[in-house]
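Everything on this sheet refers to the single structure shown next.
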Amino acid sequence: MSDTHKTLLRGAKVLGGEPRDVLIEGERIAAVGTGLDADGATVIDVAGQILLPGLVDLHTHLREPGREDSETVLTGTRAAAVGGFTAVHAMANTFPVADTAGVVEQVWRLGRESGYCDVQPIGAVTVGLEGKKLAELGAMHDSAAGVRVFSDDGKCVDDAVIMRRALEYVKAFDGVIAQHAQEPRLTEGAQMNEGIVSAELGLGGWPAVAEESIIARDVLLAAHVGSRVHICHLSTAGSVEIVRWAKSKGWNVTAEVTPHHLLLTDELVRSYDPVYKVNPPLRTEADVMALREALADGTIDCVATDHAPHPHEDKDCEWGAAAMGMVGLETALSVVQHTMVDTGLLDWTGVADRMSVRPSAIGRLTGHGRPIAAGEPANLTLLDSAYRGVVNPAGFASRSRNTPYEGRELPGRVTYTFLRGRATVVDGKLA
């Protein structure tokens with residue numbers, strides 16, 4: 001498609017506000033206004049639909065290299081586009097682990113080839129995710145992939161000395177360590193949240209303190225070193241309080257919450273359906289409400305999917321043997337509308353902030369999370385917020401089907417996604 005291609009979005013509600021026309025020329029937004037001239041442009045009537053900046057996910061598992069049976073960079077970015085995402089950060093727990101410049105460059109190049117959304121690799125903090133020796137943080141940053149975020153996600157950097165060294169190292173290039181907060185000794189054999197339900201079911205409990213103790217340690221370390229720490233998939237009311245306290249001190253601490261932790265509780269585990277088995281585990285109703293409030297007031301910076309695809313044999317088995325994780329890219333915006341917008345906790349400007357602006361800022365991504373204004377990159381998402389539909393994973397773009405929302409009615413449907421002016425999704429379907 002030539003750079004001169006023009007698209008006119010007619011009647012879009014920019015960030016949920018008054019209807020506006022948005023003219024896209026080439027890779028950029030050319031004009032925003034009313035009654036714009038459509039000369040030579042493809043006109044799309046989007047009256048009543050919400051226009052947001054393209055969504056950005058700080059926490060996606062694309063599984064390639066090594067687990068292409070669950071997902072590939074191509075299928076994962078297609079799922080991302082369908083969900084309204086124009087950029088995703090790909091986690092390092094692949095096979096081989098993304099702990100060298102070579103592997104992160106491979107993932108980055110596969111993302112460029114897919115063309116459905118930008119893929120920003122996350123580098124491992126330690127070699128092989130083993131928590132013993134720092135990985136090639138500098139080499140990964142200096143590579144073509146330009147890595148800024150490092151995480152051993154799936155495992156916790158539980159050694160305080162290693163964590164301190166990592167925080168010190170990434171200061172040199174304004175990097176951030178994204179911590180999977182899980183004290184391993186407190187979660188040996190854990191299967192679900194430790195509480196009333198785990199006691200009744202006789203399943204190994206995963207106490208809130210296993211997450212909170214690591215977060216407390218790491219915000220103190222980040223303050224001591226003067227570095228940036230990001231808390232992955234925060235899940236408890238206590239974790240919220242620690243992050244709130246750290247932020248009140250002016251420390252450089254950010255945090256994310258997943259859509260599933262904003263909606264689902266440990267009561268669902270009574271079904272013994274492994275689709276609800278996830279790390280960190282589903283928590284209590286009180287935790288869910290605390291997370292929603294914290295996302296609304298900005299204590300939690302952003303929503304991140306923790307999209308974790310698994311082949312059916314890893315989920316279609318007894319609870320104890322099942323893998324942990326849920327797919328989330330294609331349902332994220334719907335869950336956020338349901339839990340945050342339809343409840344009055346966030347408006348659409350708030351959604352744009354938590355799902356595009358702030359994740360872009362934390363990941364230091366350029367070109368994403370930008371205002372919807374003339375001259376800006378045309379990374380855009382359109383949502384029919386009036387839509388109501390039942391989740392059917394058979395139609396997913398993801399290679400995996402392990403969604404906890406199958407058969408559940410959710411609001412909102414992404415109708416169009418534009419990556420630098422090119423439609424990746426048209427009328428809800430992949431372009």
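By convention here, the first residue in the shown sequence is residue 1. Keep in mind it's a predicted model, so treat the numbers as computed, not measured.
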Would you confirm whether Arg20, through its side chain, and Gly17, through its main-chain N or O, come within 3.5 Å as a donor-acceptor pair?
no

Inspect the contact between Glu241 and Arg244 and indicate whether a charged nitrogen and a carboxylate oxygen are less than 4.0 angstrom apart.
yes

Min side-chain heavy-atom separation Gln179-Val157 under 4.5 Å
yes

Treating Thr381 as the side-chain partner and Leu52 as the backbone partner, does any N or O pair qualify as donor plus acceptor under 3.5 Å?
no

Is a side-chain donor or acceptor of Glu330 paired with a backbone partner of Ala397 at a separation under 3.5 angstrom?
yes

Quick one: do the Gln182 and Asn279 side chains pair a donor with an acceptor below 3.5 Å?
yes

Please, which pairs that meet ring pair (Phe, Tyr, Trp, His ring centres under 6.0 Å) have at least one residue in residues 272-311, sequence neighbours excluded?
none

If you count heavy atoms of other groups shown closer than 6.0 angstrom to CD of Glu313, is the number above 12?
yes

Any side-chain heavy-atom pair from Pro65 and Val107 closer than 4.5 angstrom?
yes

Summary of ring pair (Phe, Tyr, Trp, His ring centres under 6.0 Å) pairs that have at least one residue in residues 52-90, sequence neighbours excluded:
His59-His61, His59-His233

Taking all atoms of both residues into account, what is the closest heavy-atom pair of Leu234 and Ala255, and its distance?
CD1-CB, 4.0 Å

How close do Ser151 and Ala92 get, heavy atom to heavy atom, and via which atoms?
O-CB, 3.9 Å

Less than 4.5 Å apart, side chain to side chain, heavy atoms only: is that true for Leu430 and Val82?
yes

Student check: side-chain heavy atoms of Leu345 and Glu293 closer than 4.5 Å
yes

State which residues pass side-chain hydrogen bond (donor to acceptor under 3.5 Å, both in side chains) with Thr331; sequence neighbours excluded, sorted by chain then number.
none

Compile the donor-acceptor pairs under 3.5 Å between side chains in residues 370-377 and protein atoms, sequence neighbours left out, one pair per line.
from: Arg370; atom 1: NE; to: Glu376; atom 2: OE1; distance (Å): 2.9
from: Arg370; atom 1: NH2; to: Glu376; atom 2: OE2; distance (Å): 3.0

Looking at Thr417 and Gly84, what are the two nearest heavy atoms and their distance?
OG1-CA, 3.6 Å

Lys277 side chain to Ala322 backbone, donor-acceptor under 3.5 Å
yes

In Å, rounded to the nearest 0.5 Å, how long is the span from CE of Met355 to CG of Leu55?
5.0 Å

Identify whether the distance between the nearest side-chain nitrogen and carboxylate oxygen of Arg10 and Asp21 falls below 4.0 Å.
yes

Side chain of Asn379, backbone of Gly367: donor and acceptor closer than 3.5 Å?
yes

Can we say Arg28 and Glu25 salt-bridge, meaning some charged N sits less than 4.0 Å from an Asp/Glu carboxylate O?
no

Would Glu71 and Ser400 count as having a side-chain donor-acceptor pair, cut-off 3.5 Å?
no

Is there side-chain contact between Asp347 and Leu15, with heavy atoms separated by less than 4.5 Å?
no

Min side-chain heavy-atom separation Thr60-Leu329 under 4.5 Å:
yes

Have Trp206 and Gln191 got a donor and an acceptor in their side chains that come within less than 3.5 Å?
no

If you look only at distance, which donor and acceptor atoms sit under 3.5 Å apart when one is on a side chain in residues 40-50 and the other is two or more places apart or in another chain?
from: Asp45; atom 1: OD1; to: Ala47; atom 2: N; distance (Å): 3.1
from: Gln49; atom 1: OE1; to: Thr415; atom 2: OG1; distance (Å): 2.5

So how far is it from Asn402 CG to Met324 CE, rounded to the nearest 0.5 Å?
13.5 Å

So the salt bridge (charged side-chain N to carboxylate O under 4.0 Å, His left out) pairs with at least one residue in residues 86-113 (sequence neighbours excluded) are Glu105-Arg109

Looking only at side-chain N and O atoms, does Ser235 offer a donor or acceptor that is under 3.5 Å from a partner on Glu211?
yes

Side-chain donor-acceptor pairs of residues 137-150 under 3.5 Å, sequence neighbours excluded:
from: Ser143; atom 1: OG; to: Met140; atom 2: O; distance (Å): 2.7
from: Ser143; atom 1: OG; to: Ala145; atom 2: N; distance (Å): 3.2
from: Arg148; atom 1: NE; to: Phe173; atom 2: O; distance (Å): 3.3

Working to the nearest 0.5 angstrom, can you tell me the gap between Tyr405 OH and Asn392 CG?
16.0 Å

Judged by atom type as modelled, is there a donor-acceptor pair below 3.5 Å linking the side chain of Lys6 to the main-chain atoms of Ile24?
no

Heavy-atom donor-acceptor pair, Thr77 side chain to Ala80 backbone, under 3.5 Å
no

When you measure from the side chain of Thr86 to the backbone N and O of Cys117, does any donor-acceptor pair fall under 3.5 Å?
no

Scan residues 352-369 for pairs that pass salt bridge (charged side-chain N to carboxylate O under 4.0 Å, His left out), counting only residues two or more places apart or in two chains.
Asp174-Arg364, Asp301-Arg358, Asp353-Arg358

Distance-only side-chain donor-acceptor flag, Asp306 / Thr258, under 3.5 Å:
no

When you compare the side chain of Arg408 with that of Leu263, does any pair of heavy atoms fall below 4.5 Å?
yes

Any donor-acceptor pair under 3.5 Å from Arg422 side chain to Gly115 backbone
yes

Whether Lys315 and Asp273 form a salt bridge (side-chain N of Lys/Arg under 4.0 Å from carboxylate O of Asp/Glu) is what I want to check.
no

Separation between CG (Leu419) and OG1 (Thr424), nearest 0.5 Å, reads 6.0 Å

Residues two or more places apart in sequence or in another chain: which of them pass side-chain contact (heavy atoms from CB on, under 4.5 Å) with Arg67?
Arg63, Asp69, Ser70, Phe95, Pro311, Asp314

Qualifying residues under side-chain hydrogen bond (donor to acceptor under 3.5 Å, both in side chains), relative to Ser360, sequence neighbours excluded
none

List the residues meeting side-chain hydrogen bond (donor to acceptor under 3.5 Å, both in side chains) with Asp118, not counting sequence neighbours, and say none if there are none.
His368, Arg420

Distance col, row Thr403:OG1 vs Arg401:CZ, nearest 0.5 angstrom, shows 10.5 Å

Should the heavy atoms of other residues, nucleotides or ligands under 6.0 Å from CD1 of Ile196 be counted, would the total exceed 12?
no

State the OG1-CD distance between Thr94 and Gln106, to the nearest 0.5 angstrom.
8.0 Å

Heavy-atom side-chain contact between Phe418 and Leu9 under 4.5 Å
yes

I'd like to know if the side chain of Arg228 pairs up with that of Asn252 as donor and acceptor (distance under 3.5 Å, no hydrogens or angles considered).
no

Which atom pair, heavy atoms only, marks the closest approach of Ala81 to Val425?
O-CG2, 3.3 Å

Glu406 side chain to Pro404 main-chain N or O, any donor-acceptor pair under 3.5 Å?
no

Restricting to pairs with a member in residues 387-396, which pass salt bridge (charged side-chain N to carboxylate O under 4.0 Å, His left out), not counting sequence neighbours?
Asp342-Arg388

